Amino acid sequence: QVQLVESGGGLVQAGGSLRLSCAASGRTFSRYAMGWFRQAPGKEREFVAAINWSGDSRYLANSVKSRSTISRDNAKNTMYLQMNSLKPEDTAVYYCAAASLIGSVAANYDYWGQGTQVTVSS
């Protein structure tokens with residue numbers, strides 16, 4: 001089992017920045033690829049970003065690619081999502097997840113956090 005806890009969400013004005021964190025406990029964090037997903041009200045959960053176990057392979061959704069960075073610190077059992085130039089359409093609950101292999105499909109992730117709310121005001 002891997003337990004995941006997100007933090008760093010909040011209310012921010014359009015154009016602002018946030019850094020989301022995902023702290024892991026339980027099984028060895030460095031064994032897992034990690035991902036960020038988000039879900040806005042009335043919408044499907046969508047892929048945001050993913051990083052492999054070592055951090056040398058990273059994917060970002062086109063909607064955030066030019067504005068965001070995903071990273072991890074295996075020594076701290078923590079993953080991060082730095083989001084800049086935030087837009088109202090970034091408003092959602094952001095979830096972190098762990099999987100055996102890096103990917104963008106939510107169904108392939110085995111462990112999920114409870115989510116952190118990000119609200120971007122216009």
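One-based numbering along the sequence shown. Hydrogens, waters and symmetry mates are skipped; everything else that's a heavy atom, side chains included, is used. The shown structure was predicted, so the numbers you read here are calculated from the model rather than taken from an experiment.
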Any idea which heavy atoms bring Ala92 and Ala40 closest together, and the distance? CB-N, 3.8 Å
So, is the end of the Arg45 side chain (NZ or CZ) under 6.0 Å from the ring centre of Phe37 and within 45° of the ring's axis? no
Does Gln13 use its side chain to pair, donor to acceptor, with the backbone of Ser121 at less than 3.5 Å? no
Report yes if some heavy atom in the side chain of Arg38 is under 4.5 Å from a heavy atom in the side chain of Val64; otherwise report no. yes
Is it true that Tyr32 and Trp53 fall in one hydrophobic cluster, defined by side-chain heavy atoms closer than 4.5 Å? no
More than 12 non-hydrogen atoms from neighbouring residues, nucleotides or ligands closer than 6.0 Å to OH on Tyr59, yes or no? no
Does the Asn74 side chain pair with the main chain of Thr28, one donor and one acceptor, at a distance under 3.5 Å? no
Taking C-beta and beyond as the side chain, do Phe29 and Val2 meet within less than 4.5 Å on heavy atoms? no
Common cluster, Ile102/Met79, ILVMFWY with side-chain heavy-atom separation under 4.5 Å: no
Could you pull out the closest heavy-atom pair between Trp112 and Ala106, with the gap in Å? CZ2-O, 3.4 Å
Do the side chain of Arg72 and the main chain of Asn52 share a donor and acceptor less than 3.5 angstrom apart? yes
Check for me, please, whether Trp36 and Tyr80 land in the same ILVMFWY cluster - side-chain distances under 4.5 Å, paths through other members count. no
Does a side-chain heavy-atom distance below 4.5 Å link Cys96 with Tyr94? no
Closest non-hydrogen contact found for Tyr109 with Gly35 is CE2-N, 3.6 Å
For Val5, does its backbone N or O pair with a side-chain atom of Gln114 as donor and acceptor, under 3.5 Å? no
Is the number of heavy atoms from other residues, nucleotides or ligands under 6.0 Å of Arg58 CZ greater than 12? yes
I need the minimum non-hydrogen distance between Arg67 and Asp90, along with the two atoms involved. NH1-OD2, 2.8 Å
Approximate separation, where rounding is to 0.5 Å, of Gln1 CD and Ser25 OG: 10.0 Å
Please report the interatomic distance OG(Ser30) to CG(Asp73), rounded to the nearest 0.5 Å. 11.0 Å
Any idea which heavy atoms bring Ser68 and Leu81 closest together, and the distance? CB-CD1, 4.3 Å
Counting C-beta onward and ignoring hydrogens, is there a side-chain heavy-atom pair between Val118 and Met83 closer than 4.5 Å? no
Evaluate the side-chain proximity of Tyr95 to Leu4: yes if any heavy-atom separation is below 4.5 Å, no if none is. no
Any Lys76 side-chain heavy atom under 4.5 Å of Ser21 side chain: no
Compare every heavy atom of Val120 with every heavy atom of Thr91, then report the nearest pair and how far apart it is. OG1-N, 2.9 Å
With the 4.5 Å side-chain cut-off for hydrophobic clustering, are Val93 and Tyr111 part of the same group? no
Do Leu60 and Met34 belong together in a cluster built from hydrophobic side chains that touch within less than 4.5 Å? yes
